[in-house]
Amino acid sequence: MSDEFNLQESLLSLSDLSLYHIPAEIDVPSLRSSTIDESLSTAIESIVHDPDSIVHQQASTFDVFQSILKYSDSPNINGPILTKLLDVILSSLTSHANGVVTLVGSQGFSAEDMDAPMVHKQPLEMWSFLLQWFISSAERGAGKSSDGSSATTTTAKGKKKTTAKNNTSSSGFVWVDQLPFVLSTIHKVLRIPTSRIWRTSSEKESFISCFVKPAYQLAENEGYLKNAEVKLGIYKIICLSVKFHNHAFGAQTSIIQNLTYFEHFSEPMAELLSILEKEFDHSQLSEEVLRDVSTKTFAHNDVKGPRSFSRFLIRFAELSPRVVSKQMPLLLGHLDSDAHPMRMAIVEIIGILIRDLSLSDEGDEEQKSKQIKKYFELLMERFLDLNSWVRCKVLTTLIKLCDLPAKFPKQRHQIAELTIRTLEDKTSSARRYSIQLLCKLLETHPFGALHGGTLNLAEWQDRYDKVAAELAKVDAIELEKAKRDVGIVDGDEEEGEPKDRPEEESEEDEEVQDGEDGTPKKKKERKPRQSQLDITAIQAEQSTLDPELIQKLRLTKKYYSDALKFINQLEGAIPSLCQLLVSTTKTEVLEAMRFFRVAFEYDLQSAEIGIKTMLHLVWTKDNNAPPPTTNEDGTPATGGENVGKGIRANLIDCYRSLYFDVVPDLAPKQQVNRIAKNMIERTYGATLAELTSLEELMRTMMAEGGVHNDVVNKLWQVYSTEQEIPKPQRQGAIIILGMLALAKREVVTERVEALLKIGLGPLGMHDLVLARYTCIALQRLGGSAKKVKGSLSDKTMRLPMDNPIFVKLQEIIEHSPKSPQWFSMAEQAVNTIYLLGEQPDALCSEIIKDLTVKVFEAPPPATAAAENAESPKAADDIDGDETMREDASAKEAESPSSPKETEEKKDQVGSFKLAQLVFIVGHVSIKHIVYLELVEREFKRRKDETAKQKAAAKAAEKDTNDLDAVAGNAEDDIGELISGIRERELLFGEKSLLAVYGPMIAGICASPKRYKNPSLRQAATLALTKLMCVSAQFCESHLLLLSKILETSRDPVVRSNIVIALGDIAVCWGSMIDDNSERLYQGLSDPDPIVKKNTLMVLTHLILNGMIKVKGQLGEMAKCLEDKDERISDLAKLFFTELSTKDNALYNNLQDVISHLSIGTHKVDEETFERTMKFIFTFIEKEKQAESLVEKLCQRFRLATEERQWRDISFCISLLPFKSERSMKKLIEGLPFYQDKLHEETVFRRFTEILAKARANKAANKPETELKEFEAILTEHQAKGLEDQALEADVLRKTKAAKRRAAKRPPAGKGKKAATPEEDEEMDEEDAEESRAAPAPTRGTRSKAASRKPPPAKAPARRGGRRKVVESEDEDEDDPDLSDE
């Protein structure tokens, strides 16, 4: 019977259980569980009494076991039955395995002894067969009980997994709990020497497969691999089979297949090979698998395969770097793989190998350094990879390498250089990681050993210079010694430069040697001859030349040189990082902020620039969306600790940690002093924009309770001190206090006396900047409650006019000394009066009268001459109002100092006093409009309160409605009354004070020859524009004067102010400016960049807010896109970006822009045109717009007569997306308009690009037939065009020849002989030679003569040259079919 069981056949039969034949099969489905249990128990007893009974009594033992397994899915087979069956299988296998081991261990090498273990062959095969069958049944879910004690769940991979629940009972069979025992039994069986039992390889493989196949089957269930005990058991089975039973080839095939089809196998297979290599000392399989992987090829769009293999390689490299290192030459082939996951894997593996080599103590150091160098070179090459994820992987790999103890000084400079270049990568993630890498390079730099970690450029340069000087001395001494040794006398020849001196030192020496008169001074003239040298001095020198010291100096110099190079690299990256601070990607901004924070701590000089630029991010509106937890490639996202916060919150944290947080190891008083000092220093040299952003930061910090009272008190102490301190320090203190008072009014209310005593007292008189900021601080007394739209309530606090504040303000306006700062101070003083005073108009009237008296009073006889002499000098000193222009202080006003002007002094009053007067008049007029609006609101509030009280008294609904109507009428009356006062009374009323000054200011502006002082003219123009905002009548009568000043004024401050004022006038009196809007656009062609920038800002504001209509002038704004000034070009880009969001505004004006830039007097060069159009066309996204533009642009060809126009139009068409079939059809329909232009090379190329773009489109309805026809038509017409061109050239040549012949013929009646036919032929030959000598027109490039040729001979009567170019077909047409989009 023993011959009846064949393991190989039985294993094959298991593939279909329904056909599997069991000789003495039990009808399990028809039996009860108890009967089955009895049969099983009987069989087990037989096995216990006689372990070989499974061979001799198969019907009562083996067939019973097989029957139960065949019907294991039957409900009759419960948990206890399966448990019993598994126990007998495991114990029998263990018994036979122990028997074989015992026999092998105790016997010799005789023939009988060698065959003794064969006794166990049949039982082992039968029990192993049963075990494999049991495992596959259990995996299918055998033993599921009705009470739910064990549940089979299906994993994501479709495999069933039996999991135990808490309510396990005796009737359940929990397969997971049995697995460890099964696996440990298999380990014991695999320890037997199979070669002593199975002599043929096929038999042996069948036996081993009974254990290996279930192991792979179990591994396919991802859940088991999460259980460490089960996972290690599976690994051990495969490892034992490979090591002792020749399963290496089978394992290799299985591993490759598993990696191909199961993604979750990547890391487990790597761990398996690592265990095999480390615990079983078998690395051959690993090497074979790696060789197999190295030969794999993947397509660029293959996702699953490359991802699985890449994860496997990375994990295996982490666990067994030495094995991977041996196969690295083969694996490096994947760096050229089309699949980017494989390239990423190799990059990461290179990083792992560098790490392993640098940390390893074994091997030859020189060999290791060579390998590391080679690996770094490979990494550097990948900086240029086409895929952004690979570039990101290079950066993240280098970030990890920076943390190693080895600093790789030779590679660091190259890494830094390439990383800085990557800051301009087109991909956001690459830019982000490059900033992280720069941060890491900075944090782990190797230059902290000698002087701490700081990287201040000036300090390091100083150290380098000192060492270089010392080394130069040493080199000079060595040279002297060498010369003495060889007997050369110094005077005989010039000194040579030491060989080892660097170039910069030799250059410096040359500069030193050159005398002031340019003649080189030679050292030989100063040095004594050898005979004159002091012998003792020579001996002293020799004793000091310690070779170790010299070597140390050289190394120190190299160290300093490397540090300087690194610092300069970082300093050079600052501008790019500043640009990334304003990126639209949040993560980039946060990383850039983190870099500047770190750079500031390391004392990089340029870090301050980034910290200042960062300040403007306080206006960012934070969205608190969580950052991505993974990157595009699935790897966990890394970044700074504050990535989870918003930009604004991060900025406040950054400034707090740098300047305003408590520093350890400082006394409380010193802490307060430090914080106050840092706050004040933020204001030094700050621009208006920086101060505005700082104000918002300080307000936010104060509102959040981030500023301690002690710091506020310290700031007051600095401001109020009577000691002599620098002016900026006192100014900074009041600036910060004014900012803090925005959030907490009490900061100022408690110290008003100090403000009046210091800022508006003697100190303020001599420091008008201090006085100005004191006025701003006083304005905080009124509170900073924002006006709610439509609300009538006014929460600002107002003071009686006899308050000391107003006395001081009047005094400082009237009596402060002459200074260019007076205007900005006076502006804020008037603002303060109107903000805090109950009747500000009364006080301002008094100030104006006082100033008028000062201007027109007769000077005392004794001081008249002095006044006349002083006035020109005073005019020299005055620059003008700071508020008039951003950088007015940078451009000094030219003073009228001609003799003629001095003679005319009797006709002039003091220029400065008159400038003061007109400035105050202008500013009071504009503030009075605001005050009138407040009065109107107060009237309405009182009426509203009265109406509410009456409404409460009246119960009837009818009466209430009537009352509402009455109240509404009353409000209208108040509004009309106030607007009437503004329009007719303020500047034209008999009793109005301002009415007196209107004609005078207009007269000053209209008489530039009489009033030449720049400050006076600036103040008068500003005042005139403010008065024009008061009354429409006044504005209309002086608008021409203002336009004339704009055209003729040479002062950019005046022009800038007028442009800004025109914007304000457009808001006040829209119709006036709308009719004359071309005057506004004049500023875009102004030579001064400030005027141009202000014009662009004003137009942006007016157009985007719909205050003026665009009438074809967008072309001038489009020119600004390519302006040299970055601020202007950025502003223009912002304008077009915002305009593109306004329905069809950009689309409707696009034709005019093209005309403006392509033809006429305004046209730009072709490169500029192309760059501009490329930017603008990015906003044409709607398909309907693109289709319509194709049609309109094709029609433009009809009237285009110059080749430049053809090229421009074809370029614009090529920028359109051609996503829809209709766009292509429109292009084909427009063929008659451009077919005769296709011979021009550039035009033909553009249409070829369009064709390629249309073909690349992945739309399902792509018109392939039409595209082929279109291509054929293009080629045909190009050839035809070239023929026509050649024909025209031929006609032109013949025409010239005819003219020449006609010129040689004698005039009629002169009796001269006509030219003979021979002469005609000679002339024709001459012409032919000429045409051959001239360069033939190549395809698409026509010679100047050809481009200016007359029409063909068919129409000789046509005269007058070419038709005039039509600039635009549709000037102001809105496309009707696009209005709904």
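Across all non-hydrogen atoms, the minimal contact from Thr613 to Cys578 is OG1-SG, 4.0 Å. Across Cys402 and Leu437, no two heavy atoms sit closer than the pair SG-CD1, 3.9 Å. Contact record, Ala777 with Ile734: CB-CD1, 3.8 Å, taken as the closest heavy-atom pair.
For Lys407, the NZ atom counts as densely surrounded, since its 6.0 Å shell holds more than 12 non-hydrogen atoms of other residues, nucleotides or ligands.
The line from CG of Leu615 to OH of Tyr655 is 4.0 Å long, rounded to the nearest 0.5 Å. The structure places CG of Leu590 at 15.5 Å from CZ of Phe595, a figure rounded to the nearest 0.5 Å. Atom CG of residue Leu442 and atom CD of residue Gln569 lie 12.0 Å apart, to the nearest 0.5 angstrom. To the nearest 0.5 angstrom, Thr1100 atom OG1 is 4.5 Å from Leu1131 atom CG. In this structure, CG on Asn650 lies 8.5 Å from NZ on Lys586, to the nearest 0.5 angstrom. The structure places CD of Gln731 at 11.0 Å from CD1 of Ile680, a figure rounded to the nearest 0.5 Å.
Checked by atom type and distance alone, the side chain of Tyr433 never pairs as donor or acceptor with a backbone atom of Ser428 at under 3.5 Å. Side chain of Ser434 to main chain of Arg431: a donor-acceptor pair is present (N/O by atom type, distance under 3.5 Å, no hydrogens or angles). A donor-acceptor pair is defined here as one N or O able to donate and one able to accept, closer than 3.5 Å; such a pair exists between the side chain of Thr687 and the backbone of Glu690. Side-chain atoms of Thr832 come within 3.5 Å of backbone atoms of Cys775 as a donor-acceptor pair (strictly under, hydrogens ignored). Of the possible polar contacts, one joining the His766 side chain to the Pro762 backbone as a donor-acceptor pair under 3.5 Å is found. At distances below 3.5 Å, at least one donor-acceptor pair connects side-chain atoms of Thr1141 with backbone N or O atoms of Glu1138. The backbone N or O of Leu740 sits nowhere less than 3.5 Å from a side-chain atom of Arg780 that would complete a donor-acceptor pair. Checked by atom type and distance alone, the side chain of Arg597 never pairs as donor or acceptor with a backbone atom of Leu658 at under 3.5 Å. Looking at Thr721, its side chain never comes within 3.5 Å of a backbone N or O of Val718 through a donor-acceptor pair. With hydrogens and angles ignored, the 3.5 Å screen pairs a side-chain donor or acceptor of Arg730 with a backbone N or O of Tyr719.
In this structure, Phe1136 and Phe1175 have perpendicular ring planes: the angle between them is above 60°, well past the 30° mark.
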As a quick check of understanding, evaluate salt bridge (Lys or Arg N to Asp or Glu O under 4.0 Å) for Glu681 and Lys677, giving each step before the final call. CA-CA 6 Å; Glu681 283 176 353; Lys677 178 173 174 281; 2.8 Å; yes
**Request:** Could you give me the CA-CA distance, side-chain angles and deciding distance for Glu417 and Lys565, then say whether salt bridge (Lys or Arg N to Asp or Glu O under 4.0 Å) is met?
**Result:** CA-CA 10 Å; Glu417 187 181 334; Lys565 187 176 179 183; over 6 Å; no
* Please test Arg656 against Glu704 for salt bridge (Lys or Arg N to Asp or Glu O under 4.0 Å), starting from the C-alpha separation and ending with a verdict. => CA-CA 12 Å; Arg656 272 192 183 141; Glu704 293 173 358; 3.4 Å; yes
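Side-chain atoms of Leu737 and Val748, non-hydrogen and from C-beta on, never get closer than 4.5 Å to each other. Counting heavy atoms from C-beta on, the side chains of Phe447 and Trp460 come closer than 4.5 Å. Side chains of Asn1057 and Val1053 form a contact here, defined as non-hydrogen atoms less than 4.5 Å apart. Taking 4.5 Å as the limit, some side-chain heavy atom of Lys1093 sits within range of a side-chain heavy atom of Met1097. Between Ile812 and Met825, the closest side-chain pair of non-hydrogen atoms falls below 4.5 Å. Looking at heavy atoms from C-beta onward, Met593 lies in side-chain contact with Leu617 at the 4.5 angstrom threshold. Counting heavy atoms from C-beta on, the side chains of Glu722 and Ile758 never come closer than 4.5 Å. Proximity of Ile420 to Ser576: side-chain heavy atoms (C-beta onward) are nowhere separated by under 4.5 Å.
Glu424 and Gln579 share no donor-acceptor pair across their side chains, judged by distance under 3.5 Å alone. Checked by atom type, the side-chain pair Tyr560/His451 shows a donor-acceptor distance below 3.5 Å. A donor atom on one side chain and an acceptor atom on the other are not found under 3.5 Å apart for Thr422 and Arg391.
A salt bridge links Asp1123 and Lys1092; the closest N-O separation between the charged side-chain nitrogens and carboxylate oxygens is under 4.0 Å.
Legend: salt bridge (charged side-chain N to carboxylate O under 4.0 Å, His left out) pairs involving residues 434-461, not counting sequence neighbours, sorted by first then second residue: Asp403-Lys440, Glu443-Arg594, Glu459-Arg463.
Stacking of Arg421 on the aromatic ring of Phe383 is not recorded, the 6.0 Å distance cut-off and the 45° axial limit not both being met.
Across Thr620, Asp653, Thr700, a single residue satisfies side-chain hydrogen bond (donor to acceptor under 3.5 Å, both in side chains) together with Arg648, and that is Thr700.
For Phe660 and His708, the ring centers are positioned 6.0 Å apart or more.
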